[in-house]
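First the structure, in the form of structure tokens, and then the observations on it.
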Amino acid sequence: MSKETVDSPQVIAFPPAMYIGTLMAGLIVHYIFPIDFVPRPIATISGIAAIFVAAIIIISAIRTMRRASTAVNPSLPTTAIVSDGVFGHSRNPIYLSFTLAYLGIALLFNALIAVLLLLPLLVIVQIGVIRREEVYLERKFGDKYLDYKTRVRRWV
């Protein structure tokens, strides 16, 4: 890696802020123009389940990354390819957990607009965060990361 190359993926924005900002916008619009789209009991049970699964995934992912002594924050240098634990099932378990938590909260509020805003958010995350991270990891780790990519799916 040359001195001119920054040792981070240069993602377009801090991913948690992207999810929180989009969710808040969706919930505000829902508050102004409420559109319920799922029967309340189903929304509540599904929302709680999604948040519960998200919590398990993110706790596991952060613990696994810390054991590998690599940064969780995408603006910091990555020091290792983490491929065990939840990273053996998804290359992006933290973004998967953010997505599940977002969906769970949107369901708890029964906020159709928030759910619909998740779709463009995922496109932005895919292009502005995940692709940049993948290019960075390929450049930094070469064949080791390419092998990991062939074995583990991007999301699930």
Side-chain angles (χ1 to χ4, degrees), residues 6 8-66 68 70-78 81-139 145-146 148-156:
V6 177
S8 78
Q10 301 295 299
V11 298
I12 62 169
F14 188 54
M18 295 169 65
Y19 278 88
I20 292 168
T22 305
L23 178 60
M24 294 307 298
L27 293 177
I28 289 168
V29 171
H30 175 72
Y31 179 77
I32 297 167
F33 304 106
I35 303 172
D36 293 344
F37 70 107
V38 179
R40 174 60 41 206
I42 294 172
T44 301
I45 292 168
S46 300
I48 291 169
I51 292 168
F52 180 74
V53 172
I56 291 170
I57 293 170
I58 198 162
I59 289 167
S60 178
I62 290 171
R63 284 182 177 166
T64 303
M65 291 182 81
R66 287 189 177 150
T70 193
V72 175
N73 184 335
S75 66
L76 299 174
T78 299
I81 298 297
V82 181
S83 59
D84 58 331
V86 291
F87 290 91
H89 304 282
S90 169
R91 295 196 313 261
N92 297 287
I94 293 175
Y95 302 139
L96 176 61
S97 70
F98 289 167
T99 301
L100 286 171
Y102 177 114
L103 185 59
I105 294 167
L107 284 167
L108 285 176
F109 282 89
N110 209 354
L112 177 61
I113 298 299
V115 172
L116 294 176
L117 286 176
L118 181 59
L119 299 175
L121 172 62
L122 289 175
V123 171
I124 293 167
V125 167
Q126 180 64 39
I127 294 168
V129 177
I130 293 173
R131 278 194 191 158
R132 290 172 184 235
E133 288 179 344
E134 289 181 343
V135 168
Y136 164 73
L137 294 169
E138 286 176 18
R139 185 177 67 237
Y145 182 70
L146 292 172
Y148 174 62
K149 276 179 68 173
T150 63
R151 290 183 289 110
V152 179
R153 296 174 65 114
R154 182 175 285 139
W155 287 94
V156 286

>> Applying salt bridge (Lys or Arg N to Asp or Glu O under 4.0 Å) as the test, list every pair that has at least one member in residues 111-125; sequence neighbours left out.
In response: none
> Hey, which of Glu133, Arg154, Gln126 is the one that makes side-chain hydrogen bond (donor to acceptor under 3.5 Å, both in side chains) with Tyr95?
Replying inline: Glu133
> When rounded to the nearest 0.5 angstrom, what is the spacing between OG in Ser97 and CG in Asn92?
Replying inline: 10.5 Å
> Which heavy atom in Tyr19 sits nearest to a heavy atom in Leu121, and how many Å separate them?
Replying inline: CD2-CD2, 3.5 Å
> Minimum heavy-atom separation for Phe87 to Ala61, with atom names?
Replying inline: CE1-O, 3.6 Å
> Between Arg139 and Glu134, is there a donor-acceptor pair closer than 3.5 Å when you use the side chain of the first and the backbone of the second?
Replying inline: no
> Is atom OH of Tyr31 surrounded by more than 12 heavy atoms (other residues, nucleotides or ligands) closer than 6.0 Å?
Replying inline: no
>> Looking at Phe98, I'd like to know if its CZ atom is crowded, meaning that more than 12 non-hydrogen atoms belonging to other residues, nucleotides or ligands lie closer than 6.0 Å.
In response: yes
>> I need the minimum non-hydrogen distance between Ser90 and Trp155, along with the two atoms involved.
In response: OG-O, 2.5 Å
>> Given Tyr102, which partner from the list Leu107, Ile20, Leu117 fulfils the side chain to side chain contact (heavy atoms under 4.5 Å, CB included) test?
In response: Leu117
> Between Thr22 and Leu118, does a side-chain contact (heavy atoms from CB on, under 4.5 Å) hold up when you go through it step by step?
Replying inline: CA-CA 7 Å; Thr22 305; Leu118 181 59; over 6 Å; no
>> Looking at Arg153, I'd like to know if its CZ atom is crowded, meaning that more than 12 non-hydrogen atoms belonging to other residues, nucleotides or ligands lie closer than 6.0 Å.
In response: no
>> Quick one: does any side-chain atom of Arg132 pair with a main-chain N or O of Pro9 as donor and acceptor, under 3.5 Å?
In response: no
> Distance from Ile105 atom CD1 to Met24 atom CE, nearest 0.5 Å?
Replying inline: 9.5 Å
>> If you compare all heavy atoms of Val72 against all heavy atoms of Met65, which two are closest, and at what distance to 0.1 Å?
In response: CA-CE, 3.8 Å
> Any donor and acceptor pair, going by atom type alone, linking the side chain of Arg91 with main-chain N or O of Val152 inside 3.5 Å?
Replying inline: yes
>> Please report the interatomic distance CG(Leu27) to CD1(Ile32), rounded to the nearest 0.5 Å.
In response: 11.5 Å
>> Please enumerate all residues that pass side chain to side chain contact (heavy atoms under 4.5 Å, CB included) together with Thr78, with sequence neighbours excluded.
In response: Thr70, Tyr136, Leu137, Phe141
> With no hydrogens and no angle check, is any side-chain donor or acceptor of Asn110 less than 3.5 Å from a backbone partner on Phe37?
Replying inline: yes
> So, for Arg40 and Leu108, which heavy atoms are closest and what is the spacing to 0.1 Å?
Replying inline: NH1-O, 2.8 Å
> Which heavy atom of Ile57 sits nearest a heavy atom of Pro93, and at what distance?
Replying inline: CG2-O, 3.3 Å
> Hey, does Thr44 have a side-chain heavy atom less than 4.5 Å from the side chain of Ile48?
Replying inline: yes
> Which distance, rounded to the nearest 0.5 Å, do you find between the CD1 of Ile12 and the CZ of Arg131?
Replying inline: 11.5 Å
> Would you say Ser60's side chain and Ile56's backbone share a donor-acceptor pair under 3.5 angstrom?
Replying inline: no
